[in-house]
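These numbers come from a predicted model, not from an experiment. Throughout, residue positions are numbered sequentially from 1 according to the sequence presented.
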Amino acid sequence: MTQIKNKEGTELFSHEGDWRETLEAAAEEGVDLTKAVLDGVDLSGANLENLNLRQASLRGANLRGSNLEHTNLAGANLHEAQLRGSNLEHTDLREVVLAGCNLEGCNLEGARLVGANLVGINAQGSNLERVDLARANLDGANLEGCNLEDARMSEANLTRVNLRRSNLEGVDLDGANLARADLRSANLEKADLRDSRLEGANLRDANLERAQLDRANLTNACFDGANLERASFAAATLTGASFHGANLERVKGFIMPEPE
């Protein structure tokens, strides 16, 4: 008999079977597992669709290849959990702790991660199309080769993040902090980077066609070889930024910075 208890020690659900079978049974029966303690449990390949795990503790849990579509994990703690190859489409992950997690190859399309702690995650090659990462902390995260088309990342902390070769077409990065971010060969076509911070960011060979960089801080940023056709730089800070070999055709509000 496997018993699921909450943080106060109260039993929430019990079932004959292992952890995966018990959680799947709870999902099928629509059991409310708010504040459940599931630290370190093996739920690899489990179907937890629509399960309520709000404010649950899943520290170090194995959720590889699991289905968490439409699951409520708002406020949950998944520090250092394994989620590689999992389906988190339209999952509620607001204010969740995912620091140090392996999210490589995951599907997070349409997931809500507002205010989430994603420090140091590895989500290389994941699908984050239309994901909501407003005010999320992604310091040092690896998002190389990810699809972030039409994602919302306004006011997010993306310092030192690896977005190399990622698709960020139409992404909302208004007010985001991208200091020292690696955006080499990334696609930022029609991206909203107004009021963002890109100090020391590397955008070599990136596509920024029609991107909005108004009032952005681009101090010491590298745009060498980048495509900036029809991009807007109104009132942007360009001190020390480099544009060697960049396409500046029909750029708006751009004044070439004086060489230091």
Side-chain angles (χ1 to χ4, degrees), residues 18-20 23-24 27 33 36-49 51 53-133 135-149 151 153 156-168 178 180-184 186:
D18 60 19
W19 281 107
R20 182 171 55 191
L23 267 292
E24 288 181 338
L33 295 179
V37 178
L38 300 161
D39 295 336
V41 300
D42 184 3
L43 297 168
S44 56
N47 181 16
L48 307 177
E49 187 174 353
L51 188 59
L53 287 163
R54 188 170 57 88
Q55 297 180 32
S57 183
L58 290 136
R59 293 171 60 93
N62 181 6
L63 290 151
R64 289 190 180 192
S66 59
N67 179 24
L68 293 151
E69 186 174 353
H70 292 290
T71 300
N72 186 350
L73 284 159
N77 188 347
L78 289 97
H79 181 67
E80 295 185 346
Q82 294 294 321
L83 287 148
R84 184 173 182 176
S86 293
N87 178 25
L88 294 138
E89 187 173 355
H90 301 298
T91 300
D92 189 346
L93 294 156
R94 289 172 294 175
E95 308 291 340
V96 75
V97 176
L98 285 163
C101 283
N102 185 351
L103 290 152
E104 192 173 356
C106 283
N107 177 25
L108 287 131
E109 183 174 347
R112 289 176 288 172
L113 287 137
V114 177
N117 180 352
L118 302 160
V119 174
I121 65 162
N122 176 20
Q124 186 171 350
S126 292
N127 178 26
L128 294 116
E129 186 175 353
R130 295 192 301 276
V131 71
D132 192 345
L133 285 158
R135 301 187 302 281
N137 186 359
L138 293 111
D139 184 13
N142 180 12
L143 300 174
E144 183 172 348
C146 284
N147 177 25
L148 286 140
E149 186 173 353
M153 305 174 83
N157 178 18
L158 296 152
T159 53
R160 302 181 302 113
V161 71
N162 178 8
L163 283 159
R164 193 172 180 180
R165 292 189 296 274
S166 291
N167 178 24
L168 294 130
L178 291 134
R180 303 186 303 283
D182 186 351
L183 289 149
R184 285 176 289 174

So which pairs with a foot in residues 99-118 pass ring-ring contact (aromatic ring centres under 6.0 Å, His included), sequence neighbours left out? none
For the residue pair Leu83 and Cys101, what are the closest heavy atoms and their distance? CD1-SG, 4.5 Å
Flag the pair Val131 / Leu148 as yes when at least one side-chain heavy-atom distance between them is below 4.5 Å, and no otherwise. yes
Closest heavy-atom pair and its distance - Asn107, Asn127: OD1-ND2, 3.1 Å
Ignoring hydrogens, what is the shortest heavy-atom contact between Cys106 and Ser126? Give both atom names and the distance. N-OG, 3.0 Å
Enumerate the residue pairs fulfilling ring-ring contact (aromatic ring centres under 6.0 Å, His included) with a member in residues 104-132, sequence neighbours excluded, ordered by first and then second residue. none
Minimum heavy-atom distance between Arg20 and Ala46, given as atom pair plus value: CG-CB, 3.5 Å
Output all residues satisfying salt bridge (charged side-chain N to carboxylate O under 4.0 Å, His left out) with Asp139, sequence neighbours left out; order by chain, then residue number. Arg160
For the student: nearest non-hydrogen atoms of Leu98 and Ile121, plus distance: O-CG2, 3.1 Å
Test item: Thr71 side-chain N/O and Leu48 main-chain N/O as donor-acceptor pair under 3.5 Å: yes
Are any of the side-chain heavy atoms of Leu23 and Val41 separated by less than 4.5 Å? no
Close side-chain approach of Glu80 to Arg59, heavy-atom, < 4.5 Å: no
Walk me through it: do Leu168 and Leu183 pass the test side chain to side chain contact (heavy atoms under 4.5 Å, CB included)? CA-CA 10 Å; Leu168 294 130; Leu183 289 149; 3.9 Å; yes
Option among Asn117, Val96, Leu103, Asp39 that satisfies the side chain to side chain contact (heavy atoms under 4.5 Å, CB included) test with Leu78: Val96
Can you run down the ring-ring contact (aromatic ring centres under 6.0 Å, His included) pairs that involve residues 96-130, sequence neighbours left out, and say none if there aren't any? none
Within this structure, what is the CD-CD distance for the pair Glu49 and Glu69, rounded to the nearest 0.5 Å? 4.5 Å
Is it the case that the side chain of Glu24 and the backbone of Asn47 share a donor-acceptor pair, with hydrogens and angles ignored and the cut-off at 3.5 Å? yes
Pairs involving residues 75-120, ordered by first then second residue, that meet ring-ring contact (aromatic ring centres under 6.0 Å, His included) (sequence neighbours left out): His70-His90
In Å, rounded to the nearest 0.5 Å, how long is the span from CZ of Arg64 to CG of Asn102? 6.0 Å
Restricting to salt bridge (charged side-chain N to carboxylate O under 4.0 Å, His left out), what partner residues turn up for Glu144, sequence neighbours left out? Arg165
CD of Glu95 to CZ of Arg135, rounded to nearest 0.5 Å, is 7.5 Å
Working to the nearest 0.5 Å, report the span between CG of Leu51 and CG of Asn67. 11.0 Å
Considering all heavy atoms, the nearest Ala151-Leu128 contact: CB-O, 4.0 Å
Are Trp19 and Leu43 close enough that some pair of their side-chain heavy atoms sits under 4.5 Å apart? yes
Check the side chains of Asn62 and Gln82 for a donor-acceptor pair under 3.5 angstrom, ignoring hydrogens and angles. no
Could you measure the distance from the CD atom of Gln124 to the CG atom of Asn142? Nearest 0.5 Å is fine. 5.0 Å
Rounded distance (nearest 0.5 Å) linking atom OG of Ser86 with atom CG of Leu108: 9.0 Å
With no hydrogens and no angle check, is any side-chain donor or acceptor of Ser166 less than 3.5 Å from a backbone partner on Gly145? yes
